[in-house]
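In what follows, a structure is listed as structure tokens, so that the remarks can point back to it.
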Amino acid sequence: MRYWLMKSEPDEVSFDDVIKAPKQTVAWFGVRNYQARNFMRDAMSVGDGVLFYHSSCAVPGVAGIAEVASTPYPDASQFDPESHYHDPKATQENPRWISVDVRAVEQGRYLPLTEMRANPALEDMVLLQKGSRLSISPVTQGQWNAILKLLREGKR
DNA sequence: GCCAACGTTGGC
DNA sequence: GCCAACGTTGGC
């Protein structure tokens, strides 16, 4: 059992979109970074905890709790010439990019990035390191516990 | 819209 | 295999 933070632009897929989806589950597609892909391919397991993070928006932050809901499978968008995520070097025989399914589990309050930065318990998070741009990053048990506590308590 | 930081590409 | 040039990310 591991924990992850996964970034999504809410204009594309928000946590509310996941809640409204059938079975509260969506395919996590469009990852085009090898390190993030390798996390999905090599380290994720069904049931792993996911912090659903909203990036590139007015108030970036953790929007909800989710979980990994499938094993990895080829990301369909890499084969679609019409897709923004099309990869001409990917073939059905040799897919380059993968997806996993993600299921919404719990919506706490919205936890803004500014509040995470101000919390000493979270200062080692990969997300918060200078220059860190990884769209999928590992979260420790301690960081996970601290964030769940913040999500479940009222605004401070 | 700016721009620092990072990742990828491709010539050599 | 180096590294300059280019493209992307993402907070501000």
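Basis for what follows: all heavy atoms, side chains included, without hydrogens, waters or symmetry-related copies. Chain identifiers are assigned alphabetically (A, B, ...) following the order of the sequence lines, protein sequences preceding nucleic acid strands; residue numbering begins at 1 within each chain.
- For the pair A/L134 CG and C/dG11 P, the interatomic distance rounds to 13 Å; values are reported in whole Å.
- Per the geometry, CG belonging to A/L127 stands 9 Å off P belonging to C/dG10, to the nearest Å.
- Listed nucleotides B/dT9, C/dG10, C/dG11 differ in distance to A/R96; the shortest reach to its side chain belongs to B/dT9.
- Rounded to an integer number of Å, the gap from CG of A/L113 to C1' of C/dC12 is 11 Å.
- Salt bridge A/R117/A/E123: absent, no basic N to carboxylate O contact under 4.0 Å.
- Side-chain contact annotation: A/Q78 with A/Y85, donor-acceptor N/O pair under 3.5 Å absent.
- Note: A/Y110 and A/H54 have tilted aromatic rings, judged against thresholds of 30 and 60 degrees for the angle between ring planes.
- In this structure, CG of A/L128 is placed 13 Å from P of C/dG10, rounded to the nearest angstrom.
- Going from atom CD of A/Q129 over to atom P of C/dG10 covers 15 Å, rounded to whole Å.
- A salt bridge does not link A/R37 to A/D42: none of the charged side-chain nitrogens sits closer than 4.0 Å to a carboxylate oxygen.
- Looking at A/R96 and A/Y34, their side chains do bring a donor and an acceptor atom within 3.5 Å of each other.
- Along DNA chain B, the nucleotide nearest A/N33 and the nucleotide nearest A/K89 are compared for position; the residue whose nucleotide lies closer to the 5' end is A/N33.
- No salt bridge links A/D48 with A/R2; every basic N to acidic carboxylate O contact stays at or beyond 4.0 Å.
- Atom NE2 of A/H54 and atom C1' of C/dT9 are 17 Å apart (whole Å).
- The nearest whole Å value for the distance from the CG atom in A/D11 to the P atom in C/dT9 is 14 Å.
- Using a 4.5 Å cut-off on side-chain heavy atoms (C-beta onward), A/M116 and A/L150 make no contact.
- A/R117 places its CZ atom 12 Å from the P atom of C/dG10, with the value rounded to the nearest Å.
- Taking 4.0 angstrom as the limit, A/K7 places none of its side-chain polar atoms (N or O) nearer than this to OP1 or OP2 of C/dT9.
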Would you tabulate the pairs of protein nitrogen or oxygen atoms and nucleotide nitrogen or oxygen atoms of nucleotides 4-8 of chain C closer than 3.5 angstrom?
{"from": "C/dT8", "atom 1": "O2", "to": "A/R133", "atom 2": "NH1", "distance (Å)": "2.7"}

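- In this structure, A/I147 is not a member of the same hydrophobic cluster as A/M6, with clusters built from ILVMFWY side-chain heavy atoms closer than 4.5 Å.
- Counting only Watson-Crick and G-U wobble pairs whose two key distances fall under 3.5 Å, DNA chain C forms stems of three or more stacked pairs at B:1-12 with C:1-12.
- Side chain to side chain, A/W97 and A/D87 meet the donor-acceptor criterion of an N or O pair below 3.5 Å.
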